[in-house]
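First the structure, in the form of structure tokens, and then the observations on it.
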Amino acid sequence: MPTQTITGWLFDAYAMAYGMRLWVIDVSGQKHRLFEPFSPVFYLGGPAKEIKKTLSFIARLKLPLEITPTEGLEFYSGKALPVVQIQVVNPLHYAKVVQWVIALEHKKKNRSENLALYNADLSLTQHYFFSRAVFPLAYCVFQVDEDGTLTTLTVNDSIWATDYPLPPLSIMHLRLEGRAMHPDQTHAQQLEVEIEGQSHLLEGEGPGAIIKQFDRMLLRFDPDLILSEWGDPCILPQLIDGAKALNLPLHLNRELKRPVQSRKESSYFSYGRVIHKSAARLLFGRWHIDLHNSFLVGQTDLEGVIEFARLSRIPVQQMARTSTGTGITSMQMKLAFEDGVLIPWRKREPEGFKSALHLLKTDKGGLTYTPKIGFHEEVAALDFASMYPAIMLKFNLSPETINCTCCRGLPVPEIGHRVCQKRLGLVPRFLAPLLEKRARYKTLKTNTTDPALKQCYESRQSALKWGLVTTFGYQGYKNARFGKIEAHEAITAYSREKLLQAKELVEDEGYELIHAIVDSLFIRKKGATERTYEALAQKISKTCEIPMAFEGIFSWILFPPSKTHPGIATPGKYLGVYHSGKTKLRGIEARRSDMPPFIKEAQLEMIQILCRAKTLKAYQNLWPEVQACFEHHRETLRTGQVPFVDLAISKTLSKAPHEYQKASLIAIVAHELAARGLRLMPGQNITYVITDEKSTIKSDRARALGFIDGTWSYDVEKYESLLREAMAALAWPGLKTQVFLE
Amino acid sequence: MRPLLTPDRPEAAPFQGPPLSLISEEGGGISLFYGHPDLFALSSLMAAWRLAQGEAVLFLDGNNRFDPYPLVRLAKERGHNPEAFLSALFVSRAFTCHQMGSLVFQQLQSGLSTHQARLVILADPLATFYDENVPYIEAKNLLMHLLTALQQLAPGRIFVVLAPYPKTSSGRRVFFLSHLKSAAKRIFRVHREAETRRTFSISEEKPGTGTWQGVFQYRPMPASRFA
């Protein structure tokens, strides 16, 4: 049979009947639609009679299945376990077969005779990528027969490569005119499409005109990627619903016979905050990424998403919408898959009973030494580099290595857990190459002079940083497949131990500790230079067995007093200026997401003035300029001419509008938006302007930014008080001026 | 097997009165306290009651509800050794409904035997079942099995389940509380008087032995948590 050879990138993959659809973009930018036969598998373990019962139950489905006895490794013990492999010939039947197994399990009365499912909740693309050892955007050689069926696949790429080429993607930008706000929270706007450097505002008579225009553009330009702003919750649903109602064609998918895939919106808790995940619209053969519905794109640009998709084997569209935690879990599952470890279905390993006394000892976070309040000169900052991942790697911390049953293990400081000495854990093995790759990106970024490449390496290393950060958090996260609360406790125990060691060492060397928080030290010593601090960092690294880096010397650093307890400073809240002139701000108004841009900009202007100072005296001498800056902004506020958008406060709903009982500003605006017909969910952001905070008419206190008009004015007094607080945060303790007394 | 503790201060005044009198009946079984989100304050008093008698207590935590500080304050107020209290209360946290299931199916029996506990407190077990990542049917089936297992283990022991009102955004999972009610032998609704914010009212919905019915005021300690 004649074959064709295509060299290019694996652009998209999804399940079809009896195999996978693969979309390939070759070096000339041409798209190829291929098919590869593929049958995913899952495993059943447990008592033989239970397995037998289950097999005869699923046989009733009359679906083609191949059953093979085999064995795999149990994750926690590392021992071989006899299991039955069930290969589902048609991947489209996979979910149904698994559901039947689960349904039978639920009908059982005796829960002690548990059937165990393994590898059963991997997605079909994960199954494919794992078993074929290929990944999204891998550069490959595809041998294809005449009807487009893949015969051989040779991967000429590695997930560990740092200078990998990417396909030439054609990108269509899709947004509503005016951009910034959630379209539901403001008036209707025109659809704007930008492609090949040209921007088009779509307009036309009749309900279908815009849909027809948009569809013509899709067919003409055939973009690989639709990069939208609010495409998930608004633009695509409106286009799709409109096309359906008017029976018009809409070629969003390249796979024409499939509808666009929809995923429901949801809200969930993460690190004490409610997060809202917007509904998603996913395409087949083409990508759709909504810039407002992607944490990773927001943090790392498209480069970061692609880096993470390649490493995690999660298709780019999905990776853009999922959490970094899901990404790292997928990377860990791939490693387990390669080892022959059976990946347990659902996380079900509970925490063992421990006394409340023991819990008090173990359930702690990082260590903090409260900052010495006020202004300090010549303070050096030293940070443990990627502290938690480094600890996991160095001390072999992983769910299966904590309190293992195979050896007595090494004791974890302070808390009494033990760490296995026989097996190297999955998490450290997963972390080692990731840390190494991030270090390579950082070096590449430093060495290159090309600004575009610099940005690219920065985005990729930033994506890896988020992955590394999440690896620690996921040890304690409920849905982390390879997480265990005891491992989380062991990591923080080591971190406390290491920070304590470092603190004792620097104090022994005659340094004064100004502040220490989790992985950072702020210290000083008269006459100490950059070279002395570098040497000190090396000494700490050697003693603590995890790398510590010298970040720089602050000409000055200010730890402002806490608003609620003025006698003490708030850990992690400071501003400082390095010798290099670079500023570092943490926790103050200019960094807060719920501050109006006007206040943030005013504070940044004040900081710019203060940056000229090298000493406290110079800082104090500059204060009149800061006051003048304050006065200038106050006068601007008083004229009433500040645009609403600059005074807008953006906050996240912690509950549904009707669940708010007190008339807080966020509740008032949530009610306003709900009354306009918006369905708001916990975790969604709303943006508002304070109009009259003390008004007896509650609804007059604040208004949604998207609907406020010229009949309203802003609350000058309130914004003045915010401005004053922003200035007060920069004052050294003891400073009292007329402005503060007002 | 772990020997029973002896009270470290036999002369100390015992913990008594409601809500302890509500759960101290012979025969045991599941007592459900549901309602106000702050009802977990009751758990400290309930635990202290048995701990003061030198018994161990098991605490199955479905939503990071365990707070040791009120328990320590209660111990101090009655002249008990707080460390002895904390050493005899055994906590296990579940973060998913499958973990909660495994905890009840696989660990609870051995926990009861090892620590010879008579009082078991399940704090917010439904929280893990509200997780939308788990399909509704799967969560419901697992919950039904879990409740059956609890009913089997409860006779002769005191199983207290504390469950706040479900959030309305939980969709049809709000009915999980009804399943819990069906499995309970006695049901108490806990609410807070709006005008006196430091007091709870507890009213019985499903009488057990009929020894107590009605509404009473419970002033929880310490005051600072409820001011």
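So that the names make sense, note that chain A is the first sequence line, chain B the second, and so on, each numbered from 1.
- Side-chain contact check for B:Asp61 versus A:Glu351: every heavy-atom pair is 4.5 Å or farther apart.
- Surrounding CZ of A:Phe57 are more than 12 heavy atoms belonging to other residues, nucleotides or ligands, all under 6.0 Å away.
- Other residues, nucleotides and ligands contribute only 12 or fewer heavy atoms inside 6.0 Å of the CD atom of B:Glu83.
- Here the closest heavy-atom approach between residue B:Phe90 and residue A:Phe353 is recorded as O-CD2, 3.7 Å.
- Of all non-hydrogen atoms in A:Leu360 and B:Pro68, the two that sit nearest each other are CD2-CG, 3.5 Å.
- Taking a 6.0 Å sphere around NZ of A:Lys651, one finds it holds 12 or fewer heavy atoms contributed by other residues, nucleotides or ligands.
- The structure places CD1 of A:Ile485 at 5.0 Å from CZ of B:Arg93, a figure rounded to the nearest 0.5 Å.
- Atom-to-atom distance recorded for A:Ile102:CD1 and B:Asn141:CG is 10.5 Å, nearest 0.5 angstrom.
- For chain A, the option among B:Val72, B:Leu89, B:Leu58 with the highest count of heavy-atom pairs below 4.5 Å is B:Leu89.
- With a 6.0 Å radius and a threshold of 12 heavy atoms from other residues, nucleotides or ligands, B:Lys140 has its NZ atom at or below the threshold.
- Across A:Ser355 and B:Ser87, no two heavy atoms sit closer than the pair CB-O, 3.6 Å.
- With a 4.5 angstrom heavy-atom cutoff, B:Leu71 does not touch chain A via any of its atoms.
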